[in-house]
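Remarks on the structure that follows.
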Amino acid sequence: MVDDDAELEALRAAAARAPVAATAAALLLRADSGDWWEGLLRESATYSMLQGGAEFRAWLAGRDAPRSSPDPSERVRVVRHDEATEIVLTRAARHNALDRQLRDSLDAALGDALAGQQPVVVLADGPSFCSGGDLDEFGSFPDPASAHLIRIGRSLATRFARDGHRIVVGLHGSCLGAGIELPAFARHVVAADDARIGLPELTLGLVPGAGGTVSLPARIGRHRTLRLLLAGGTISAPTARDWGLVDEVVTLARLRRRCFELAESLL
Amino acid sequence: MANLLGKRYQCSVCEATVLVTKAGDGAVTCHGQVMEIAQAKPLPSSD
């Protein structure tokens, strides 16, 4: 599954830097039962276990104190069109980093939109679709056991996994961590040609926590999922399309229009 | 103004809830009072 010996060596080195998380990830991906709910439970339990581990603690200790001040501005915008409900992430200045407020706002918006019959189109303002979990909040969970129940109880992954057949996502810019894990559940994933896609969790001593060990294997298989996770870097939109991680690549100017065309095909 | 699309409004007396599916002017009322926006309880970060 790797291109050459140099890539193999790079993956081996990455696994050696976070051997516990890398092994936990490999075990998770191997345990795939085809049942998304079981998969999400297993992933969250593993994630919480690693939150109590030495590799995550070491990453946290090497980080500066959070630099951003609280920002109460709206995190999502909802527009109801004839053919679909449009949900736009609006934390543009932070590349739509997923903080508590964005999690709760998106959860509520998806809950309301999916309670209806229409397809849902998810897009984002700013330079990126979503740069993943907000690093400023990492380490702020109450305790690993409670974090597991919070993650499962207010779960964007559950929203996407359960009703993904009615969701179209348009990606652009950075799509990292949750920024690809959630979209990968959707029926149609369209990427602008500037999209960069990756799973950075292993560098934090963690595994994906937004359903990525369920959604990515369903699209690209567990070997490529582990390869992306170990590599820690990003792949381009065309590579993601060749792998099947996204369904098509368009120009940024055409992204929104194409998502609505696909949403209409779901009606 | 109680008319924001996609928001839930709740009566503080009888806890009846309405979901706005089409935005418009005006306020929704119940038991003679303007209904307040209902929001899910904020939870801590799981990260």
Side-chain angles (χ1 to χ4, degrees), chain A residues 44 47-48 51 56 60 74 76-81 85-87 97-105 107-113 115-118 120 132-157 177-178 201 204 206 209-210, chain B:
Chain A
S44 177
Y47 189 100
S48 271
Q51 285 179 309
F56 177 64
L60 208 53
E74 288 292 325
V76 301
R77 180 172 72 247
V78 178
V79 188
R80 197 154 295 201
H81 306 277
T85 302
E86 179 180 17
I87 299 176
L98 193 60
D99 66 348
R100 287 166 52 195
Q101 198 187 333
L102 176 52
R103 174 196 67 189
D104 291 349
S105 301
D107 180 63
L110 282 169
D112 290 342
Q117 300 297 315
Q118 280 187 317
V120 175
D134 187 342
L135 295 183
D136 284 349
E137 287 190 350
F138 273 65
S140 69
F141 58 90
D143 64 82
S146 303
H148 171 55
L149 296 188
I150 294 165
R151 198 176 304 110
I152 284 296
R154 188 155 299 168
S155 170
L156 292 173
E201 289 92 344
L204 284 61
L206 299 170
Chain B
M1 203 67 77
N3 57 13
L4 296 168
L5 179 65
K7 297 289 185 190
R8 288 169 198 282
Y9 293 85
Q10 194 164 46
C11 172
S12 56
V13 178
C14 70
E15 297 194 344
T17 303
V18 296
L19 168 64
V20 178
T21 57
K22 190 164 193 281
D25 295 326
V28 283
T29 59
C30 185
H31 280 91
Q33 298 174 36
V34 174
M35 297 170 84
E36 300 288 335
I37 286 193
Q39 271 163 344
K41 199 173 82 163
L43 291 175
S45 171
S46 63
D47 287 324

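In what follows, every chain begins at residue 1, and chains take the letters A, B, ... in the order their sequences are listed.
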Open item on the list: So for B/L43, is it side chain, backbone, both, or neither that comes closer than 4.5 Å to the heavy atoms of chain A?
Closed with: both

Task: Interface residue of largest heavy-atom contact number with chain B, from A/L149, A/I150, A/L206, under 4.5 Å - done: A/I150

Compile a table of inter-chain donor-acceptor pairs under 3.5 Å between chain B and chain A, counting both main-chain and side-chain atoms.
from	atom 1	to	atom 2	distance (Å)
B/R8	NE	A/D112	OD1	3.2
B/R8	NH2	A/D112	OD1	2.5
B/K41	O	A/R154	NH1	2.6
B/K41	O	A/R154	NH2	3.0
B/L43	O	A/R100	NE	3.0
B/L43	O	A/R103	NH2	2.9
B/P44	O	A/R103	NH1	3.1
B/P44	O	A/R103	NH2	3.3
B/S46	O	A/Q51	NE2	2.8
B/S46	O	A/R151	NH2	2.9
B/D47	O	A/G139	N	2.5
B/D47	OD1	A/Y47	OH	2.7

